[in-house]
Amino acid sequence: MSASRIEYSEKYADDQNEYRHVILPKELSKTLPKSRLLTETEWRQIGVQQSRGWTHYAIHRPEPHILLFRRPLGTDPQSGRVDPELERIAREEYKGQFGILRK
């Protein structure tokens, strides 16, 4: 399967996680398990390429060729672990983006 046919969304976030979705060619999605989430090894084996820390967290039944991923804010893309300083910065950016002020 050509990884060049896999499409990646921009990242988006809430106050806990960042998210992205990955769109697979429909013929590839027909070979995937229907009743469980993919492990990191499985999604990497089918050609999904992204930094560390992402988890396949949901199946969107109407469009099973779209994989939904998330990772905690502040995840270090090299290690896949949450870095407290990166987390603080990401939360401040999120709050600033949405006008959420500290009390």
Side-chain angles (χ1 to χ4, degrees):
M1 173 50 54
S2 172
S4 65
R5 296 189 47 221
I6 296 173
E7 297 178 36
Y8 300 84
S9 75
E10 294 295 320
K11 293 185 274 185
Y12 44 100
D14 62 18
D15 64 333
Q16 299 292 313
N17 295 293
E18 60 182 335
Y19 302 89
R20 79 170 343 154
H21 55 273
V22 175
I23 303 170
L24 302 175
K26 288 185 181 180
E27 64 273 9
L28 175 60
S29 71
K30 292 175 185 175
T31 67
L32 301 178
K34 307 273 186 268
S35 60
R36 66 174 179 80
L37 301 172
L38 299 178
T39 65
E40 181 174 352
T41 300
E42 290 172 320
W43 55 258
R44 288 194 187 280
Q45 285 177 341
I46 62 171
V48 175
Q49 298 177 2
Q50 50 191 353
S51 57
R52 295 178 187 244
W54 292 100
T55 303
H56 181 214
Y57 77 96
I59 298 170
H60 183 55
R61 301 252 183 247
E63 298 178 303
H65 66 290
I66 300 177
L67 304 180
L68 303 171
F69 290 92
R70 72 177 172 202
R71 68 179 175 188
L73 286 179
T75 299
D76 181 312
Q78 297 293 319
S79 70
R81 296 187 189 110
V82 175
D83 177 303
E85 181 61 14
L86 291 176
E87 180 182 21
R88 184 191 65 74
I89 292 167
R91 287 184 190 280
E92 290 301 318
E93 287 175 0
Y94 174 81
K95 289 175 184 178
Q97 181 179 5
F98 292 99
I100 301 169
L101 303 174
R102 284 190 193 176
K103 292 185 178 182

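- For the pair Ser9 and Val22, the minimum side-chain heavy-atom distance is 4.5 Å or more.
- Qualifying salt bridge (charged side-chain N to carboxylate O under 4.0 Å, His left out) partners for Arg81, counting only residues two or more places apart in sequence or in other chains: none.
- Side-chain contact between Glu27 and Arg5 is present, with at least one heavy-atom pair separated by less than 4.5 Å.
- Pro64 and Ser29 make their closest contact through O-CB, 4.1 Å (heavy atoms, listed as atom of the first residue, atom of the second, distance).
- By the side chain to side chain contact (heavy atoms under 4.5 Å, CB included) test, Gln78 pairs with Asp76, sequence neighbours left out.
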* To do: List the steps and the verdict of side chain to side chain contact (heavy atoms under 4.5 Å, CB included) for Tyr12 and His21.
  => CA-CA 10 Å; Tyr12 44 100; His21 55 273; 3.3 Å; yes

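- For the pair Tyr8 (side chain) and Arg20 (backbone), a donor-acceptor distance under 3.5 Å is absent.
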Show me the side-chain donor-acceptor pairs of residues 65-72 shorter than 3.5 Å, one per line, residues at least two apart or across chains.
| from | atom 1 | to | atom 2 | distance (Å) |
| --- | --- | --- | --- | --- |
| Arg71 | NE | Glu18 | OE2 | 2.6 |
| Arg71 | NH1 | Ser51 | OG | 2.9 |
| Arg71 | NH1 | Arg52 | O | 2.8 |
| Arg71 | NH2 | Glu18 | OE2 | 3.2 |

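- Taken to the nearest 0.5 Å, the CD atom of Gln49 stands 7.5 Å off from the CD1 atom of Ile6.
- Contact between Trp54 and Lys11 at its shortest, heavy atoms only, is CZ2-CD, 3.6 Å.
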Please set out all donor-acceptor pairs under 3.5 angstrom arising from side-chain atoms of residues 31-46, sequence neighbours excluded.
| from | atom 1 | to | atom 2 | distance (Å) |
| --- | --- | --- | --- | --- |
| Thr31 | OG1 | Leu28 | O | 2.7 |
| Lys34 | NZ | Lys30 | O | 3.3 |
| Lys34 | NZ | Leu32 | O | 3.4 |
| Arg36 | NH1 | Glu42 | OE1 | 2.9 |
| Arg36 | NH1 | Glu42 | OE2 | 3.3 |
| Arg36 | NH2 | Glu42 | OE2 | 2.6 |
| Thr39 | OG1 | Glu42 | N | 3.1 |
| Thr39 | OG1 | Glu42 | OE1 | 3.4 |
| Glu40 | OE2 | Arg44 | NE | 2.8 |
| Glu40 | OE2 | Arg44 | NH2 | 3.0 |
| Glu42 | OE1 | Thr39 | N | 2.8 |
| Arg44 | NH1 | Gln50 | O | 3.0 |
| Arg44 | NH2 | Gln50 | O | 3.0 |

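- The minimum heavy-atom distance between Val82 and Leu73, with the atom names listed, is CG1-O, 3.9 Å.
- With sequence neighbours excluded, the residues satisfying salt bridge (charged side-chain N to carboxylate O under 4.0 Å, His left out) with Glu85 are Arg88.
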